[in-house]
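For reference, the structure is listed below as structure tokens.
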Amino acid sequence: QVQLVESGGGLVQAGGSLRLSCAASGNTLNLNDMGWYRQAPGKERELAATITSGGQTNYADSVKGRFTISRDNGKKTVDMQMSSLKPEDTGVYYCTVAYCNQYGRCGFRSWGQGTQVTVSS
């Protein structure tokens, strides 16, 4: 089991920046893809950005050029720097990680509790 704790959300004006951080603990021997999803009020959860253990990144079109995801495999953390924020970026941001357990079985996924990001116009 992998536990995730997020931090860094808050209230910011449009055009501002925020940095989200997520730390993994527990059985972290085999962390695979890590990433951030977000859920706006009344909408489904959607991908914001992901990063593989090798550092390959994938971004939603809506955040390309504004958000940067990074990870530290040694510290078991994944961060996302968000710049040029827009009101439509408002939502709850969830950290997630795919992993293999201590027996080598893969396909597991953990989610953080979510952190609120509010961008005012």
Side-chain angles (χ1 to χ4, degrees):
Q1 190 79 356
V2 174
Q3 294 80 44
L4 301 172
V5 177
E6 302 125 330
S7 61
L11 172 65
V12 65
Q13 289 188 330
S17 298
L18 282 174
R19 186 176 184 88
L20 304 182
S21 295
C22 176
S25 62
N27 180 18
T28 59
L29 287 177
N30 297 295
L31 299 182
N32 297 325
D33 290 7
M34 302 183 81
W36 293 90
Y37 281 65
R38 64 185 185 180
Q39 188 167 17
K43 295 188 176 181
E44 293 188 352
R45 191 175 299 188
E46 64 177 12
L47 177 143
T50 60
I51 184 168
T52 68
S53 56
Q56 287 184 308
T57 58
N58 179 47
Y59 295 95
D61 287 343
S62 58
V63 309
K64 281 180 182 176
R66 300 188 299 120
F67 292 10
T68 302
I69 190 170
S70 60
R71 68 187 282 173
D72 186 321
N73 291 331
K75 294 182 179 178
K76 317 293 185 186
T77 59
V78 59
D79 294 347
M80 187 163 69
Q81 178 67 41
M82 306 185 294
S83 303
S84 302
L85 284 161
K86 305 175 181 179
E88 51 264 43
D89 293 317
T90 293
V92 179
Y93 283 68
Y94 297 90
C95 175
T96 184
V97 61
Y99 65 96
C100 304
N101 67 12
Q102 64 268 42
Y103 306 109
R105 285 194 157 184
C106 300
F108 297 94
R109 180 170 293 280
S110 285
W111 294 89
Q113 80 284 358
T115 185
Q116 177 70 44
V117 171
T118 303
V119 184
S120 63
S121 57

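Every heavy atom of this structure was used, including side-chain atoms; hydrogens, water molecules and symmetry mates were not. In this text the structure is predicted, and so the values were computed from the model without any measurement.
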Step-by-step side-chain contact (heavy atoms from CB on, under 4.5 Å) determination, V2 to R109: CA-CA 8 Å; V2 174; R109 180 170 293 280; over 6 Å; no

With distance as the sole criterion, is a donor-acceptor pair present between the side chains of T96 and R45 under 3.5 Å? no

Identify all side-chain donor-acceptor contacts of residues 17-24 below 3.5 Å with residues at least two apart in sequence or on another chain.
residue: R19; atom: NH1; partner: Q81; partner atom: OE1; Å: 3.1
residue: R19; atom: NH2; partner: D79; partner atom: OD2; Å: 3.3
residue: S21; atom: OG; partner: D79; partner atom: OD1; Å: 3.2

Please check if V119 and V92 belong to a single hydrophobic cluster, counting links between Ile, Leu, Val, Met, Phe, Trp and Tyr side chain heavy atoms closer than 4.5 Å. no

Decide, yes or no, whether a salt bridge links K64 with D61 under the criterion of side-chain N to carboxylate O below 4.0 Å. yes

Looking at R66 and S84, would you say the former's side chain and the latter's main chain have a donor-acceptor pair under 3.5 Å? yes

Intermediate values then yes/no, side-chain contact (heavy atoms from CB on, under 4.5 Å), N73 and R71: CA-CA 6 Å; N73 291 331; R71 68 187 282 173; 2.7 Å; yes

Does the side chain of T90 come within less than 4.5 Å of Q116's, by heavy atoms? yes

Between V97 and F108, is any pair of side-chain heavy atoms under 4.5 Å apart? no

In short, Q39 meets K43 closest at the heavy-atom pair NE2-O, 3.1 Å

Following the transitive rule for hydrophobic clusters with a side-chain heavy-atom cut-off under 4.5 Å over Ile, Leu, Val, Met, Phe, Trp and Tyr, establish whether V63 and V12 coincide in one cluster. yes

Counting C-beta onward and ignoring hydrogens, is there a side-chain heavy-atom pair between Y59 and I51 closer than 4.5 Å? no

So, do M34 and I69 sit near enough that their side-chain heavy atoms are less than 4.5 Å apart? no

Smallest separation among heavy atoms of A48 and M80, with atom names: CB-CE, 4.3 Å

Within a strict 4.5 Å, meaning less than it, do heavy atoms of the Q1 and Y99 side chains meet? yes

Following the transitive rule for hydrophobic clusters with a side-chain heavy-atom cut-off under 4.5 Å over Ile, Leu, Val, Met, Phe, Trp and Tyr, establish whether W111 and L47 coincide in one cluster. yes

Residues, nucleotides or ligands: over 12 heavy atoms within 6.0 Å of Q13 CD: no

Below 4.5 Å, heavy atoms only, C-beta onward: do M82 and V117 meet side chain to side chain? yes

In this structure, is the centre-to-centre distance between the rings of Y37 and Y94 below 6.0 Å? no

What do the steps show when you test N32 against C100 for side-chain contact (heavy atoms from CB on, under 4.5 Å), and what is the final call? CA-CA 8 Å; N32 297 325; C100 304; 3.5 Å; yes

Evaluate the side-chain contact (heavy atoms from CB on, under 4.5 Å) criterion for residues N58 and D33: first the C-alpha distance (whole Å), next the side-chain angles of each, then the deciding distance (0.1 Å), finally the verdict. CA-CA 10 Å; N58 179 47; D33 290 7; over 6 Å; no

